[in-house]
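For reference, the structure discussed in these notes is given below.
Model, not experiment: these values are computed from the prediction.
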Amino acid sequence: MKLVQYYTALNAQIQLGIELTSGILNVKALAQQLQDPTNYTMESVIQNTHFYEQLKRLLEHYHYRDFDSEKFLEQSDQVYYLPVVQDPEKIICVGMNYVDYVKEVDGELPVTPIFYNKYNNALAAHQQEIPVPPVARNVDYSAELIVVIGKEAFNIDEKQASDHIFGYTIGNNLTDRKIQMSSSQWMLGKTLNFFAPVGPTIMTSDELVDPTNLAITLKVNNEIKQQGNTKDMIFTIPYIISYLSRHMTLKPGDLIFTGTPKGVITGKPRAERQWLKQNDLLEVSIQKIGKLSNQLK
């Protein structure tokens, strides 16, 4: 199942939707038709397994009953997307997690995962314009697979990790490299406003069982800049989750950016670096999940 959060010009309330090939299924409208009083939200479905199972049954009813689909479907060009998770307790990012990336930035292969953080101010949605702040000069992109935590995890082993994943989404881990490297801490360059666009959907883990062989591509103005595959991660997703859980409690809705493949601007020779600028169109595609698009302004 691919879940989205959105609103429309006619209804400013946050809606939960299911992305189908024919459009976005309005969960609230379908639930009302089927006399289901449950208040389905992205947060409630992530946090409550029972709600998610009910949601799957609603979708089955939709497919097998003779409904007038126009009553429940909205077209993607008529909706305004929201970040797939709007208020995560934690946004954790893994640095240096692809071998070719480490090589291109002249780094050393990490022995243990390198973590840093972003905050909720950095979240942005699919198709949202990203303002380049006046302080930013060397803006770079990073196409990343994101794990969405679905069940509280503390001190778990790798074999248990999959039980704690709700699903996966797409992220563009934007960074101002000059600010990032102005101190030994990366935070300021990483968590500028709207520098963590995510979405457009969460693909649930029961549908995407194996995320270990997914192609990742990033385009700038329709030119391919990054191409990689999740199979090349240094630290696997189960290892990352287990390792983090030994140090902190992971909560439902937490987002984990899992690292980026080679092709970032900072990995090029200085004379060849063309930093992102206003009006650049960024598109991140991950196999089976979809495409996240944002334009800088």
Side-chain angles (χ1 to χ4, degrees), residues 80-88 90-98 101-102 104-107 114-146 169-200 216-226 228 255-286 291-297:
Y80 299 92
Y81 289 88
L82 293 165
V84 288
V85 178
Q86 290 189 278
D87 192 25
K90 293 181 282 297
I91 304 174
I92 301 170
C93 307
V94 186
M96 303 285 194
N97 199 29
Y98 285 75
Y101 173 91
V102 175
E104 77 172 349
V105 298
D106 293 325
I114 298 170
F115 295 112
Y116 57 92
N117 63 292
K118 288 179 179 266
Y119 296 106
N120 289 349
N121 68 291
L123 289 174
H126 173 57
Q127 297 179 344
Q128 180 177 338
E129 290 187 330
I130 308 296
V132 179
V135 71
R137 293 292 183 271
N138 298 347
V139 181
D140 204 349
Y141 48 73
S142 295
E144 305 201 21
L145 175 68
I146 298 176
T169 190
I170 303 169
N172 190 348
N173 188 345
L174 295 169
T175 308
D176 187 277
R177 299 296 185 182
K178 186 173 182 179
I179 299 173
Q180 175 192 359
M181 304 312 295
S182 64
S183 75
S184 60
Q185 301 297 318
W186 295 354
M187 183 190 73
L188 282 180
K190 291 288 188 179
T191 197
L192 295 164
N193 288 341
F194 310 114
F195 267 39
V198 297
I216 301 178
T217 304
L218 181 139
K219 295 181 180 179
V220 179
N221 302 324
N222 208 36
E223 181 181 351
I224 294 176
K225 299 293 186 179
Q226 284 186 283
L255 301 177
I256 304 174
F257 284 70
T258 58
T260 195
K262 68 177 182 178
V264 294
I265 300 172
T266 197
K268 302 181 184 303
R270 289 185 180 274
E272 299 177 17
R273 294 176 184 173
Q274 296 183 4
W275 302 108
L276 295 175
K277 58 187 185 303
Q278 290 180 337
N279 298 319
D280 280 344
L281 176 64
L282 310 176
E283 297 173 296
V284 181
S285 299
I286 298 184
K291 180 170 70 175
L292 168 68
S293 299
N294 298 96
Q295 188 163 24
L296 302 186
K297 68 172 185 176

Side-chain heavy atoms of [X] within contact of [Y], under 4.5 Å:
{"X": "Y98", "Y": "I216", "value": "yes"}
{"X": "I92", "Y": "F257", "value": "no"}
{"X": "L123", "Y": "I91", "value": "yes"}

Please report the interatomic distance [atom1]([X]) to [atom2]([Y]), rounded to the nearest 0.5 Å.
{"X": "W275", "Y": "D280", "atom1": "CH2", "atom2": "CG", "value": "13.0 Å"}
{"X": "H126", "Y": "Q128", "atom1": "NE2", "atom2": "CD", "value": "11.5 Å"}
{"X": "R177", "Y": "I265", "atom1": "CZ", "atom2": "CD1", "value": "8.5 Å"}
{"X": "I224", "Y": "K219", "atom1": "CD1", "atom2": "NZ", "value": "5.5 Å"}

| request: Give a yes or no on whether K178 atom NZ has more than 12 heavy-atom contacts from other residues, nucleotides or ligands under 6.0 Å away. | output: no
| query | Are there more than 12 heavy atoms of other residues, nucleotides or ligands under 6.0 Å from atom NZ of K262? | reply | no
| message | My understanding is that only residues two or more places apart in sequence, or in another chain, count here; which of them pass side chain to side chain donor-acceptor pair (under 3.5 Å) with Q226? | response | T260
| message | Tell me every residue that passes side chain to side chain donor-acceptor pair (under 3.5 Å) with N222, counting only those two or more places apart in sequence or in another chain. | response | none
What heavy-atom pair brings [X] and [Y] nearest, and what distance separates the two atoms?
{"X": "N172", "Y": "A143", "answer": "OD1-N, 4.4 Å"}
{"X": "K118", "Y": "L174", "answer": "NZ-O, 3.0 Å"}
{"X": "P261", "Y": "G228", "answer": "CB-CA, 3.8 Å"}
{"X": "G263", "Y": "E104", "answer": "N-OE2, 2.7 Å"}
{"X": "I286", "Y": "T169", "answer": "CD1-O, 4.5 Å"}
{"X": "A124", "Y": "I130", "answer": "CB-CD1, 3.6 Å"}

Using only atom types and a distance under 3.5 Å, with no angle test, would you say the side chain of [X] pairs donor to acceptor with the backbone of [Y]?
{"X": "N294", "Y": "E129", "result": "no"}
{"X": "N138", "Y": "D176", "result": "no"}
{"X": "E144", "Y": "G259", "result": "yes"}
{"X": "Q127", "Y": "Y81", "result": "no"}

| With L292, the side chain to side chain contact (heavy atoms under 4.5 Å, CB included) member among V198, L218, L282, I170 | I170
| Residues which pass salt bridge (charged side-chain N to carboxylate O under 4.0 Å, His left out) with K268, listed by chain and number, not counting sequence neighbours | none
| field | side-chain contact (heavy atoms from CB on, under 4.5 Å) involving Q295 - partner list, sequence neighbours excluded | value | N279, L281
| query | Who are the ring pair (Phe, Tyr, Trp, His ring centres under 6.0 Å) partners of Y101, not counting sequence neighbours? | reply | none
Report, one line per pair, each donor and acceptor closer than 3.5 Å where one atom sits in a side chain of residues 186-197; sequence neighbours left out.
from: K190; atom 1: NZ; to: Y116; atom 2: OH; distance (Å): 3.2
from: K190; atom 1: NZ; to: T175; atom 2: OG1; distance (Å): 2.9
from: T191; atom 1: OG1; to: Y119; atom 2: N; distance (Å): 2.8
from: T191; atom 1: OG1; to: N121; atom 2: OD1; distance (Å): 3.4
from: N193; atom 1: OD1; to: N121; atom 2: ND2; distance (Å): 2.9

| Lys/Arg-Asp/Glu bridge criterion (N-O < 4.0 Å) met for K291, E283 | yes
